[in-house]
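Everything on this sheet refers to the single structure shown next.
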Protein chains: 2
Amino acid sequence: MKNDQLLNSTCSMTRTMGILGGKWKPLIIWSIGKRRIRFGQLAAHIPLISRKVLAEQLKELEESGLILREAFNEVPPRVDYLLTENGLRLLPILKALSEWTCSCEATVADASLVKTAN
Amino acid sequence: MKNDQLLNSTCSMTRTMGILGGKWKPLIIWSIGKRRIRFGQLAAHIPLISRKVLAEQLKELEESGLILREAFNEVPPRVDYLLTENGLRLLPILKALSEWTCSCEATVADASLVKTAN
DNA sequence: GTTACTAGTAACCTTAAGGTAACTATCATG
DNA sequence: CATGATAGTTACCTTAAGGTTACTAGTAAC
């Protein structure tokens with residue numbers, strides 16, 4: 001599946017998957033949050049993703065207009081990432097998502113308690 | 001990356017990606033919505049996904065407790081899918097996501113209007 | 001009595017996604 | 001004067017994800 005096909009859909013949920021689909025982008029946006037953060041910090045914050053993939057995803061997020069990349073002309077290199085307006089507007093939604101996950105886990109935990117009680 | 005690693009994370013956003021990560025699951029949940037829907041209808045509703053992958057994703061969603069599968073013992077076979085409580089609670093969040101996408105597109109459209117005006 | 005219909009599944013193959021290791025440049029420290 | 005630190009990138013390879021085709025079963029319509 002080419003991602004373009006998702007992006008060109010007339011269904012806005014399908015286009016959403018074209019922008020945010022995959023395993024990493026919401027997590028990266030959430031990890032950046034409201035602060036300015038360096039590449040290395042970000043990589044340390046999300047240890048499950050390799051630096052190569054992180055760099056790729058960041059480039060795509062920049063192209064989608066969700067993050068800004070600020071490179072300083074220093075050696076050793078320094079690059080900061082931060083969310084754009086559009087990226088920031090995603091944060092409360094991501095927060096709701098993560099709370100949803102926790103509440104789902106709570107229902108599962110309750111169910112297993114009941115099971116244990118039998 | 002094994003999906004289990006995401007699911008076992010201590011970070012709830014990472015676990016969220018373990019549950020909903022990928023390109024299809026939110027779209028499938030959104031397509032089911034509040035109704036009861038047959039496999040074939042669902043496939044027709046999301047033409048970009050193949051039936052094989054759709055079946056796989058539905059199975060995973062069922063295992064995650066987000067959808068229910070009701071098979072009728074008929075020939076030709078009939079199977080209905082519908083959201084569980086946990087699945088239903090996701091709908092408003094997905095709606096917010098899709099509205100977010102539309103509003104992002106609006107800002108891009110505005111920007112190109114400005115550009116055209118120059 | 002052939003055909004179509006449905007909801008998958010299995011085998012097989014292709015493509016996308018991800019991982020690893022090596023490399024760059026230059027300044028600061030030991 | 002060698003070492004380490006940073007933010008990547010490239011080449012190369014592996015793994016995950018997805019697509020295609022063929023197949024099933026029993027009833028209904030033609």
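The nearest whole Å value for the distance from the NZ atom in Lys52(A) to the P atom in dT14(D) is 14 Å. A straight line from CG of Leu54(B) to C1' of dG19(D) spans 14 Å, rounded to a whole angstrom. For the pair Leu27(A) CG and dA17(C) P, the computed distance is 17 Å after rounding to whole Å. Note: CZ (Arg69(A)) to C1' (dT9(D)) measures 12 Å, nearest angstrom. Summarising the geometry, the separation between CD on Glu74(B) and C1' on dA7(C) is reported as 12 Å, rounded to the nearest angstrom. To the nearest angstrom, P of dA28(D) lies 16 Å from CZ of Arg78(B). At whole-Å resolution of the value, NZ in Lys2(B) and C1' in dA17(C) are 14 Å apart. Between Asp80(B) atom CG and dG8(C) atom P the separation is 10 Å, expressed in whole Å.
Distances shown here put every side-chain N or O of Trp24(B) at or beyond 4.0 Å from the OP1 or OP2 atom of dA17(D). The phosphate of dG8(D) (OP1 or OP2) has no side-chain N or O of Lys59(A) nearer than 4.0 angstrom. OP1 or OP2 of dG18(D) has not a single side-chain nitrogen or oxygen of Lys23(B) nearer than 4.0 Å. Listed pair Arg38(B) / dA7(C) meets the phosphate criterion, a side-chain N or O lying under 4.0 Å from OP1 or OP2. Remark: Gln57(A) is in phosphate contact with dG18(C), judged by side-chain N or O atoms under 4.0 Å from OP1 or OP2.
The pair Arg15(B)-Glu105(A) counts as a salt bridge, with a side-chain nitrogen and a carboxylate oxygen less than 4.0 angstrom apart. Between Glu99(B) and Lys95(B) there is a salt bridge, with a side-chain nitrogen of the basic residue lying less than 4.0 Å from a carboxylate oxygen of the acidic one.
Nearest heavy-atom pair, Asn86(A) versus Leu66(A), reported as atom, atom and distance to 0.1 Å: CB-CD2, 3.9 Å.
Taking 4.5 Å as the limit, some side-chain heavy atom of Lys23(A) sits within range of a side-chain heavy atom of Asn3(B).
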